[in-house]
Protein chains: 2
Amino acid sequence: MNLLFMLMSATIKDIAKLAGVSISTVSRALNNNPRVKKGTMDKIQDIAKSLNFEFNAGARSLSSKITGNIALVYDAHINGFEVSLYINQLFLEVRYILEQMDMDTILLTGYDVNTGASNIKRIVHKKKVDGFLIVHDSITNDDYKTIQAAGLPIVQLHMVPRNDISVRFDSFYSDNFMGGQMATNHLISLGCRSILTVLPFAEESKEYSQRVLGYKKALEDSDLPFNKELVVSVECAYLSGYNLFNSIPKIIKQVDGIFFQADIQAFGFLTAARERGIDIPGDIKVIGYDDVPMCQTVIPSLSSIHQPRKELAELACKRIIQRINSPINLKPECRYLLPSIVLRTSS
Amino acid sequence: MNLLFMLMSATIKDIAKLAGVSISTVSRALNNNPRVKKGTMDKIQDIAKSLNFEFNAGARSLSSKITGNIALVYDAHINGFEVSLYINQLFLEVRYILEQMDMDTILLTGYDVNTGASNIKRIVHKKKVDGFLIVHDSITNDDYKTIQAAGLPIVQLHMVPRNDISVRFDSFYSDNFMGGQMATNHLISLGCRSILTVLPFAEESKEYSQRVLGYKKALEDSDLPFNKELVVSVECAYLSGYNLFNSIPKIIKQVDGIFFQADIQAFGFLTAARERGIDIPGDIKVIGYDDVPMCQTVIPSLSSIHQPRKELAELACKRIIQRINSPINLKPECRYLLPSIVLRTSS
DNA sequence: TTGTATGCGTTATCAC
DNA sequence: GTGATAACGCATACAA
């Protein structure tokens, strides 16, 4: 007799009938309301379990505003190989953590690629989520306001908004300044005195400019001169790293260390160096950024700066859950987590 | 006065008041019910637009069963660099298409990594989605049944279920058999007579075994002998490709073409070949599989089999939307799409 | 062509 | 401790 229920999605009404109590009691019991008697509670929960009962999400959100969903907003324009790989790893992390917290994830781009329409406004007004996890650096102020007007928490993750709005909500970033500084200091500590840094073209992205600042700081601290010719932007691709010997031959010749801000550029360079009989790390020491899996298996294996994505994801998720569960007016928290340096044979 | 509404998420009740009609008329108008008079309809839709109106998803799903969400189910164990990259690209494609169709995507793993609990059952009983897009080869029969009992459409995408359940629902796969055949035929047509195929370890994954079958077929068709020693499984990593000269030196020596079933393995091999002065494609012709972005920029650029992920994503999405919109009892459709071959300098 | 009334499954405010 | 009952926002059968 229960077989039917097991397939058909039971409701609290069904459970009430089976338990011989009212739906109010069932509702309370399944929400662990302490007012219900232990015996009743156990009985009801047993029945619920045996029926594979789950709350009807629509009904629940209608009546209590709780959806059990979190919006994970990303930028549709992130299609770059390297970036999308990193972001993808971050997402898997987020998914994993939210799942432990019984939250589902609605994945969406901030803006429709074709129409430019805001998916954020849409999702807010549809009341589909309990909060926003934002991995996007160009959300409009209007949209931030829309979310806040709806009383939903915002947690900014990984991407620093381009139009800096100070600290209006919780933010968890990787410290790119420190990352740049660490990479450069590492090369300096190995004896490098003429250090090139190569970064991807990226119009207004803050992360690379921060890393360059960290690079500068490290030079300064060691009384090494800063030479702006040693900061070069090339496409974020294997080939641009490979072509460095042709595109900037004179610079490469005078350099004893290179800090690549994208691993993939470093991979190309390593290959080219090998072809030219240039010893890595003997002649030039090399370090990358992002610590993609291939760093471990390339020859020579690539030292790299590892961003704390696991920790970032965890902090961000915990924070948004906390905001959702307790609308206490905590001050927004903005944290820049330190990356770590993974030493391999290229440096 | 409308300002408040614009922020606060209007309801059809609000619109009814503003338009001077009943909520039923508003509901009809916003659902494009032809029974409502053109004038009324326009008026109502204008107001709705001006208020940024969106249906309350919870209410709507309660009353009409429509959630506007699709579950995209993946396998949490897919963490491999290469696979996860491909899957990620597939997901972005799916997201993009579903967005055009006004569908939101709930991204979830089939089973909780820690408890093993079925997220599918949970999401079905919570009534959170209108259909399932499955990119997972080990969904339990029980779960498939749960979905179908709930009357929700299932579309299987990219991953062929391990325990083959014939054609119980719509399925869109890349034709791995043909892919293997195409790659091999290509090498044969270039004059190769001793062709090695290298594939990733992967216990029971069907895709690689299919490619091997295609490889065999191609040999057969050209009256070339099949030598099982020329089918080798190694880890799906750059390094395993690189190490081939050490791990199977005799085989490499006798071979004039290699079909790598993962691009990344080929990348490693290309580097190793270069170091040893082995000319690619002069001495050995090489082709990979998946056509990851790096194929274009590696030296020599890597020929590769391109899976039709855009087309697969599109077919799968269109199909599931069609199923959702019209519960007509169409026969399940199972399609194996042909991959294409991208020729570059490695072959 | 439009309005009234009912129900969807849940929570919450009352009573008892 | 527990049970009626209203309310959440929308769709729809039925009236008008």
| message | Can you give me the first and the last nucleotide of DNA chain C (5' to 3') that has an atom within less than 4.0 angstrom of a non-hydrogen atom in chain B? | response | dT1(C) to dG9(C)

| task | Have a look at the helix from dT1(C)-dA16(D) to dC16(C)-dG1(D) and give the angle its two end axes make, five pairs each, rounded to 10 degrees. | result | 40°

Not counting sequence neighbours, which residues clear salt bridge (Lys or Arg N to Asp or Glu O under 4.0 Å) with [X]? List them please.
| X | value |
| --- | --- |
| Asp104(B) | Arg122(A), Lys128(A) |
| Arg28(A) | none |
| Arg319(B) | Asp170(B), Glu333(B) |
| Asp42(A) | Lys38(A) |

| request: Walk along DNA chain D from 5' to 3' and tell me the first and last nucleotide with an atom closer than 4.0 Å to a non-hydrogen atom of chain B. | output: dG9(D) to dA13(D)

| said: Using a 4.0 Å heavy-atom cut-off, does Arg35(A) contact any base of the nucleic acid, only the sugar-phosphate backbone, or nothing at all? | reply: base

| What nucleic acid atoms does Ser61(B) come within less than 4.0 Å of, heavy atoms only: base, sugar-phosphate, or nothing? | nothing

| remark: The complete set of ring pair (Phe, Tyr, Trp, His ring centres under 6.0 Å) pairs with one or both residues in residues 18-62 of chain B, sequence neighbours excluded, reads Phe53(B)-Phe55(B)

| query | Which pairs count as ring pair (Phe, Tyr, Trp, His ring centres under 6.0 Å) when at least one residue sits in residues 10-38 of chain A, sequence neighbours excluded? | reply | none

| said: Can a donor-acceptor pair be found, under 3.5 Å and without considering hydrogens, that links the side chain of Thr105(A) to the backbone of Leu107(A)? | reply: no

| Going by heavy atoms closer than 4.0 Å, what residues in residues 19-31 of chain B are next to DNA chain D? | Ser24(B), Ser27(B), Arg28(B), Asn31(B)

| request: Only counting residues at least two apart or in another chain, list the ones meeting side chain to side chain contact (heavy atoms under 4.5 Å, CB included) with Lys310(B). | output: Glu93(B)

| note | Contacts of Tyr96(B) meeting ring pair (Phe, Tyr, Trp, His ring centres under 6.0 Å) (sequence neighbours excluded), chain-then-number -> none

| request: Report the relative orientation of the aromatic rings in Tyr336(A) and Tyr173(A); use parallel for angles under 30°, tilted for 30 to 60°, perpendicular for over 60°. | output: tilted

